[in-house]
Amino acid sequence: SDLRQMLATKSVENIQFLPFLTTDVNNLSWLGYGCLKQDWTLITVNTIGAALQTLYILAYLYYSPAKRPVLLRSLLLLAVLAAGYGYFTLLIADAQTRLARLGLFCSVFTISMYLSPLADLAKIVQSKSTRCLSFPLTITTFLASTSWTLYGLQLHDPYIMVPNVPGIVTSIVRFWLFWRYPPGQEKPYRPLHT
């Protein structure tokens, strides 16, 4: 729905960029973990996810009036991802150690991805408006984090299970924010006349 909104309005107003970026890095990291573990569920889901998130980032960049900050954030996280790739492929020879450290790396990015929509929490509470939050993203985050938590439980893989629990918690917080400050209930602002 955020992509549809960008295409329809030719604007990125009220659409957060950080969730797209962290989700893309998260998908690419988990894709590496899935390849190392040879888990085709992780590989398939994260290949599709990375492709879609990259599309969202490109659309956001295209419609954003301030392209420089968007590019800088994207390049910074790509540099972190490239450094991580170099570290895991060049400096860690043992496959089990590589899998454990990559799992921890992926876990940190998953937690940051789930926390990123709450970056504007103070603004939401102060303005009593959830316009900058995406309700469809909140629903999909809740469903995805719950699914991955259950998948991690099934595999007995704490690197998949544990970092997805914050996704459930932050989704519940966002559901509460939507209930507390329903869309369309914002204070109307009138322009000041001089």
Side-chain angles (χ1 to χ4, degrees), residues 1-9 12 14-60 74 77 81 102-121 123-125 129-185:
S1 68
D2 287 337
L3 180 61
R4 197 173 325 129
Q5 181 182 342
M6 280 188 272
L7 296 173
T9 63
V12 294
N14 296 322
I15 298 175
Q16 292 179 305
F17 176 67
L18 191 58
F20 293 134
L21 191 57
T22 56
T23 304
D24 199 19
V25 171
N26 187 59
N27 286 134
L28 292 168
S29 299
W30 282 110
L31 177 59
Y33 183 81
C35 289
L36 193 59
K37 194 172 180 174
Q38 297 180 345
D39 181 328
W40 284 100
T41 300
L42 286 171
I43 292 169
T44 304
V45 169
N46 287 292
T47 297
I48 294 167
L52 289 173
Q53 292 302 319
T54 301
L55 174 67
Y56 298 153
I57 289 170
L58 292 173
Y60 194 99
S74 300
L77 276 180
L81 192 62
L102 183 56
L104 184 60
F105 181 80
C106 291
S107 296
V108 169
F109 263 98
T110 298
I111 291 169
S112 71
M113 177 192 72
Y114 286 138
L115 294 178
S116 65
L118 296 179
D120 291 331
L121 186 61
K123 184 172 83 172
I124 292 166
V125 172
S129 171
T130 53
R131 285 180 14 167
C132 66
L133 288 178
S134 168
F135 191 73
L137 181 62
T138 302
I139 292 170
T140 56
T141 298
F142 179 75
L143 294 174
S145 57
T146 301
S147 299
W148 285 116
T149 300
L150 295 173
Y151 185 68
L153 272 169
Q154 181 184 8
L155 295 180
H156 304 288
D157 188 331
Y159 297 117
I160 296 173
M161 180 183 53
V162 172
N164 283 289
V165 172
I168 297 169
V169 173
T170 59
S171 294
I172 291 169
V173 169
R174 286 184 279 164
F175 283 133
W176 180 82
L177 287 168
F178 279 110
W179 173 79
R180 180 74 174 99
Y181 308 115
Q185 299 292 321

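Applying the salt bridge (Lys or Arg N to Asp or Glu O under 4.0 Å) test to residues at least two apart or on different chains, none of the pairs has a partner in residues 140-152. Within the structure, the salt bridge (Lys or Arg N to Asp or Glu O under 4.0 Å) test picks out no pair touching residues 41-59 (sequence neighbours left out). Applying the salt bridge (Lys or Arg N to Asp or Glu O under 4.0 Å) rule to pairs touching residues 152-168 yields Lys37-Asp157, sequence neighbours excluded. For the side-chain hydrogen bond (donor to acceptor under 3.5 Å, both in side chains) condition, the pairs that include at least one residue of residues 45-57, sequence neighbours left out, are Asp24-Thr54, Asn27-Asn46.
A distance of 5.5 Å separates CZ of Phe109 from CG of Leu77, quoted to the nearest 0.5 Å. Annotation: the span from Leu155 atom CG to Leu42 atom CG amounts to 7.5 Å, rounded to 0.5 Å. Taking CD1 of Ile124 as the reference point, atom CG of Leu177 lies at 5.5 Å (rounded to 0.5 Å).
For the pair Ile43 and Leu31, the minimum side-chain heavy-atom distance is below 4.5 Å.
Looking at residues two or more places apart in sequence or on another chain, you find a side-chain contact (heavy atoms from CB on, under 4.5 Å) between Thr149 and Met161, Asn164, Val165, Ile168. Taking the ring pair (Phe, Tyr, Trp, His ring centres under 6.0 Å) definition, one finds that Tyr159 meets it with nothing, sequence neighbours left out. Take Trp176 and apply the side-chain contact (heavy atoms from CB on, under 4.5 Å) test, not counting sequence neighbours, and it matches Trp179, Arg180. With sequence neighbours left out, the side-chain contact (heavy atoms from CB on, under 4.5 Å) criterion links Leu36 to Arg98, Leu99, Leu102. A search for salt bridge (charged side-chain N to carboxylate O under 4.0 Å, His left out) contacts involving Asp39 returns nothing, not counting sequence neighbours. Considering only residues two or more places apart in sequence or on other chains, Thr110 meets the side chain to side chain donor-acceptor pair (under 3.5 Å) condition with Asn26, Trp30. Phe135 meets the ring pair (Phe, Tyr, Trp, His ring centres under 6.0 Å) test with Phe175, Phe178; sequence neighbours excluded. For Ile111, the side-chain contact (heavy atoms from CB on, under 4.5 Å) criterion is met by Leu115, Pro163, Pro166, not counting sequence neighbours.
Residue Thr141 comes nearest to Ser171 through the heavy atom pair CG2-OG, 3.4 Å, listed as atom of the first residue, atom of the second, then distance. Nearest heavy atom pair, residue Ile160 against residue Trp148, reads CG2-O, 3.4 Å.
Of the possible donor and acceptor atoms, none in the side chain of Thr44 sits under 3.5 Å from a partner among the backbone N and O of Thr41.
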